[in-house]
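Working notes, beginning with the structure itself.
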There are 2 protein chains.
Amino acid sequence: MNTVKLTSTLAFRLGTLGAVVSERFSARLAAHGLKPKHVGLLTVLESGTATSQLDIAKLMNVAPSLVVSLADRLEELGAVRRERDPFDRRRQTLALTQEGRELLTVCTRAAAELDTELTGDLRPEEAEALRSVLGTLARHSGLPTD
Amino acid sequence: MNTVKLTSTLAFRLGTLGAVVSERFSARLAAHGLKPKHVGLLTVLESGTATSQLDIAKLMNVAPSLVVSLADRLEELGAVRRERDPFDRRRQTLALTQEGRELLTVCTRAAAELDTELTGDLRPEEAEALRSVLGTLARHSGLPTD
DNA sequence: TATTGTTATACTCTATAACTATA
DNA sequence: TATAGTTATAGAGTATAACAATA
């Protein structure tokens, strides 16, 4: 007989915890006028993995039209600059400004604070092992890890 | 100088991985005409933590009106039965049918398969440690763990 | 004619508000 | 008058489709 509970599967726990954590991260970002996807875009730019809006859309697995509105908002906040590629004037290159870098730092600090709240119950080496193994899974799923 | 990367925080990793895993779980559930929240409701019923629609809504942290449509769908599939409470005819009690129990078993199997895919790269004791520590975090966030 | 970015539109998910029936 | 459930409506988030500029 099989008595495995759904709630003890990794899938269930990662899914539900992920939702709760995203929600709490979102709440902290709101103070800076950002949502998680804006921060995702900033992260892509910092990594230098993609700069044209279309490449960013592919990398983030979102529609190109969504990148437009994310970039609009970030430009409005002075976090990114749009620059026409002089060699192919159809392409818009997004560049992280100093202000954008600072904003990303603030978001990173918010995430780190959340980490502290989350792992309050864990021993430091447990928390570190968790971070590390999640990194392995993230890489395996094609997500950025650093 | 602070060089911590956002992508290496627990918050970022849990949030992004949670989204990816939910998406993949969702895709598997689609074959059975279900979405994650339907399964969440089945799980509540199995746990016996709540039976009236309003109590279920509170427990799941969703609007009562959402429970209505989730229950509608589950009733349609024969997974739950609505029963008027004879002592307070305003209350609808949701009862898991045999078919609902079987459906939950199928969903649990889908999650377990996903677990196998996810942890293919990990040593068994790493995977188990992960499951366990996520359980601790989930409990700490008020999520069901078994 | 194909591609990049943009705009217009539509769809999914979920919440809030209005309503019905019981209490 | 208050509460459980339901229905109607609205909002957030994101995708798809139509369009403009450039290649």
Side-chain angles (χ1 to χ4, degrees), chain A residues 15-16 18-30 32-41 44-45 49-76 80-95, chain B residues 15-16 18-27 29-30 33-41 44-45 49-76 80-95:
Chain A
T16 52
V20 166
V21 169
S22 289
E23 174 60 40
R24 289 172 65 181
F25 186 44
S26 233
R28 284 167 187 266
L29 294 182
H32 308 287
L34 295 176
K35 297 188 176 157
K37 295 259 148 130
H38 295 119
V39 182
L41 177 36
V44 168
L45 293 182
T49 338
T51 49
S52 91
Q53 293 190 186
L54 208 54
D55 290 345
I56 291 167
K58 283 174 196 153
L59 197 62
M60 291 180 70
N61 266 309
V62 298
S65 57
L66 180 57
V67 175
V68 173
S69 56
L70 294 175
D72 282 351
R73 176 72 182 132
L74 290 171
E75 202 176 31
E76 203 173 278
V80 306
R81 255 194 331 267
R82 270 184 168 106
E83 288 161 357
R84 280 282 166 199
D85 181 338
F87 301 103
D88 182 345
R89 295 187 39 74
R90 290 172 306 182
R91 297 172 78 85
Q92 293 265 50
T93 285
L94 298 187
Chain B
T16 52
V20 166
V21 169
S22 290
E23 175 61 39
R24 290 171 66 182
F25 186 44
S26 234
L29 295 182
L34 295 176
K35 297 187 177 159
K37 296 256 148 130
H38 296 120
V39 182
L41 177 36
V44 167
L45 294 182
T49 337
T51 50
S52 91
Q53 293 190 185
L54 209 55
D55 289 345
I56 291 167
K58 283 174 196 153
L59 196 62
M60 291 180 70
N61 264 309
V62 298
S65 58
L66 180 56
V67 174
V68 174
S69 56
L70 295 175
D72 282 351
R73 176 72 183 132
L74 290 171
E75 201 176 31
E76 202 173 280
V80 306
R81 253 195 332 267
R82 271 184 168 105
E83 287 161 358
R84 280 284 166 198
D85 180 338
F87 301 102
D88 181 347
R89 296 189 37 74
R90 290 172 306 181
R91 297 173 77 86
Q92 293 266 51
T93 285
L94 298 187

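Numbers restart at 1 for each chain; the letters A, B, ... are given by sequence-line order, proteins then strands.
- One atom, CZ of Arg91(B), and another, P of dT6(D), lie 13 Å apart when rounded to the nearest Å.
- Taking every nucleotide of DNA chain C with any atom under 4.0 Å from a non-hydrogen atom of chain B, the first and last of them, 5' to 3', are dC13(C) to dA23(C).
- Nearest-nucleotide mapping onto DNA chain D: of Lys58(B) and Asp72(B), the residue sitting toward the 5' end is Lys58(B).
- Rounded to an integer number of Å, the gap from Gln53(B) CD to dT3(D) C1' is 14 Å.
- Judged as a salt bridge (charged side-chain N to carboxylate O under 4.0 Å, His left out), and not counting sequence neighbours, Arg89(A) has no contacts.
- Remark: Glu75(A) pairs with Val80(A), Arg82(A) by the side-chain contact (heavy atoms from CB on, under 4.5 Å) rule, at least two apart or across chains.
- Every side-chain contact (heavy atoms from CB on, under 4.5 Å) that Arg73(A) has, sequence neighbours left out, goes to His38(A), Glu76(A), Leu77(A).
- Here Arg24(A) pairs with Glu117(A) under the salt bridge (charged side-chain N to carboxylate O under 4.0 Å, His left out) rule; sequence neighbours left out.
- Screening Asp85(B), Leu54(B), Thr51(B) for a side-chain contact (heavy atoms from CB on, under 4.5 Å) with Arg91(B), the sole residue that qualifies is Asp85(B).
- Legend: residues meeting side-chain contact (heavy atoms from CB on, under 4.5 Å) with Ala95(B), ordered by chain and number and at least two apart, are Arg81(B), Glu83(B).
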ask   = Which letters describe nucleotides 13-23 of chain D, given B = protein heavy atom under 4.0 Å from base, S = only from sugar-phosphate, - = neither?
value = SSSB----BBS

Listed pairs under 3.5 Å, donor-acceptor, residues 58-71 of chain A side chains, sequence neighbours left out:
from, atom 1, to, atom 2, distance (Å)
Ser69(A), OG, Leu66(A), O, 3.0

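- Every residue meeting the side-chain contact (heavy atoms from CB on, under 4.5 Å) condition with Thr16(A), not counting sequence neighbours, appears here in chain and number order: Phe12(A), Leu143(B).
- Applying the 4.0 Å criterion to OP1 and OP2 of dT6(D), one finds that Arg82(B) has a side-chain N or O inside that range.
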